[in-house]
Amino acid sequence: MPAQSTPPEPAPPGGSGTGGARRTGDRRRASRGRRRTGMLVMAWTAAGIVVLGGSGAGWLYVKLNGNLHSVDIDQVLGADRPKRTDGGSENILVLGSDTRSGGNRELGGGDDDGSARSDTAMIVHVYEGHRKAAVVSIPRDTVVDRPQCTGADGTDHPAASGVMFNSAYSTGGAPCTVKTVETMTGIRMDHYLEVDFSGFQKLVDELGGVEVTTTEDIEDPGSHLSLEAGTHRLDGRQALGLVRTRHGVGDGSDLGRIQLQQAFVKALADRVEDIGVLTSPKKLYDLADTATRAVTTDSGLGSVDRLVAFANGLRGIDASDLRMVTVPVRYHPSDPNRVVVREARARQVWAALRDDRPIPRSATEGTATGEAGDVVSAP
């Protein structure tokens, strides 16, 4: 269901959506950058569970089950939702939260106002047969109509028009975010995964780092990142800085940051594939322990058995099997710090996912990008 507050689609300032108004907003974006976190998450946060699933270490399940946190999305949202998909495909909403609680305050930077937001949101569509996947990023600055929803604590929240997408999470947590995504897309989210700062950093460290190549120097004090052009094996803190950075690359927008995140997802997928079955029992346990502590899931994935089964179903998908796009958007004509969905093109994306078809390239051509698509790649 399209957001009714979204303006019609005249040609955006600057032509195709990659110039014009966004340039005038770079300075304003920079002033807000420290509050941005851009946490990357992906189904491969279950990497340790995948390895554990093939290890026969069932005696660890009780301990690892105690690490998991889950939210009963189905119970909170009830029956008023899009129908479930048929044929074996799945849709997973993957979120990164910018909560400042616990050890996240130091890692996240910025001000702690007591709230949390979904700084990163990705719809992961796993095609029938589980051999390929599409990932559609939703910018946190997207202007949407947030539907009436019930939060995880049972509180009802009224609908709101013309608000930022990530306000759904700060309003009602994961259930309101899932409801908002399902209203935007008309697609049911079969599962939900979330990770925060410290969970992401620890997971990358347990994986032994992730290797990426940068085509230019990246300097962004806001995300504590300094990288020279070249190939690097990023530890957890550096990886967190990379997926948070926005002002050191491209046009300084959230869209450029999303392009970095998408590139890192592919590098992370390659790293998980390279690890294979670990031979060290301690390393195996440490990776599984970190992975189960790192994620919050829906109740459908809220046990080690279920998470293992889900993650094992993704083992055949590597970086070459991923199609990664951002929902078609343009810069808001009156506020370059916001983007609005290009509804006609977005409908092509959602229809493709509903029908389990590849996303047509025409749906994303000529839309705002962030101009950072070639800055980071897997080596």
Side-chain angles (χ1 to χ4, degrees), residues 32-48 94-112 116-122 135 137 139-140 166 169 193-214 217-228 231-250 252-272 286-287 289-296 370 372 375-378:
R32 301 186 307 133
R34 292 182 182 275
R35 188 67 185 96
R36 303 310 191 111
T37 62
M39 271 302 308
L40 166 75
V41 283
M42 183 46 174
W44 286 271
T45 48
V94 185
L95 300 178
S97 72
D98 67 352
T99 177
R100 295 305 198 269
S101 63
N104 293 303
R105 184 173 302 168
E106 178 183 353
L107 295 176
D111 299 326
D112 180 9
R117 298 174 178 83
S118 56
D119 250 28
T120 296
M122 297 178 177
V135 180
S137 296
R140 55 163 281 169
N166 71 341
Y169 189 94
L193 281 169
E194 178 185 340
V195 73
D196 60 18
F197 294 157
S198 59
F200 173 81
Q201 177 170 317
K202 290 175 182 176
L203 184 69
V204 172
D205 284 336
E206 286 295 344
L207 289 170
V210 174
E211 197 166 272
V212 301
T213 296
T214 62
D217 296 347
I218 303 177
E219 293 287 341
D220 188 352
S223 63
H224 313 294
L225 183 67
S226 177
L227 290 177
E228 294 183 353
T231 298
H232 310 269
R233 182 174 290 279
L234 304 182
D235 61 20
R237 184 173 288 273
Q238 291 173 311
L240 177 60
L242 179 68
V243 300
R244 287 179 58 229
T245 196
R246 57 184 293 175
H247 306 302
V249 297
S253 73
D254 191 44
L255 298 176
R257 183 178 60 171
I258 285 174
Q259 291 181 309
L260 296 186
Q261 293 169 356
Q262 292 174 343
F264 189 83
V265 164
K266 291 196 172 186
L268 178 59
D270 281 341
R271 177 60 178 155
V272 172
D286 288 345
L287 188 58
D289 187 49
T290 298
T292 49
R293 291 179 185 276
V295 296
T296 299
V375 175
V376 173
S377 63

#### Entry: Identified side chain to side chain donor-acceptor pair (under 3.5 Å) partner of Ser137 from the options Arg257, Gln262, Gln259, Gln261
Gln262
### Task
Please identify each residue that fulfils side-chain contact (heavy atoms from CB on, under 4.5 Å) with Thr296, with sequence neighbours left out.
His69, Val71, Tyr192, Glu194
### Query
Where do Gln201 and Leu240 come nearest, in terms of heavy atoms and distance?
OE1-CD2, 3.9 Å
### Message
According to salt bridge (Lys or Arg N to Asp or Glu O under 4.0 Å), who are the partners of Glu211, at least two apart in sequence or on a separate chain?
### Response
Arg233
### Task
Please list, chain by chain and in numerical order, all residues satisfying side-chain contact (heavy atoms from CB on, under 4.5 Å) with Thr213, sequence neighbours excluded.
Thr231, Ser377, Pro379
### Query
Going from CG on Leu227 to CD on Gln238, what distance comes out if it is rounded to the nearest 0.5 angstrom?
6.0 Å
### Query
What is the minimum heavy-atom distance between Val212 and Ala267, and which atoms define it?
CG1-CB, 3.8 Å
### Query
With sequence neighbours excluded, what pairs up with Ala239 under the side-chain contact (heavy atoms from CB on, under 4.5 Å) test?
Phe200, Val204, Leu234, Phe264
### Message
Quick one, Val295 with Leu203, criterion side chain to side chain contact (heavy atoms under 4.5 Å, CB included). Give me CA distance, side-chain angles, the key distance, then yes/no.
### Response
CA-CA 10 Å; Val295 296; Leu203 184 69; over 6 Å; no
### Summary
Here the pair of heavy atoms bringing Leu242 nearest to Leu225 is CA-CD2, 3.6 Å
### Message
Restricting to non-hydrogen atoms, name the atom on Glu206 and the atom on Thr290 that form the minimum distance, rounded to 0.1 Å.
### Response
CG-OG1, 3.1 Å
### Task
Mind checking the CD1-CZ spacing from Ile258 to Arg140? Nearest 0.5 Å is all I need.
10.5 Å
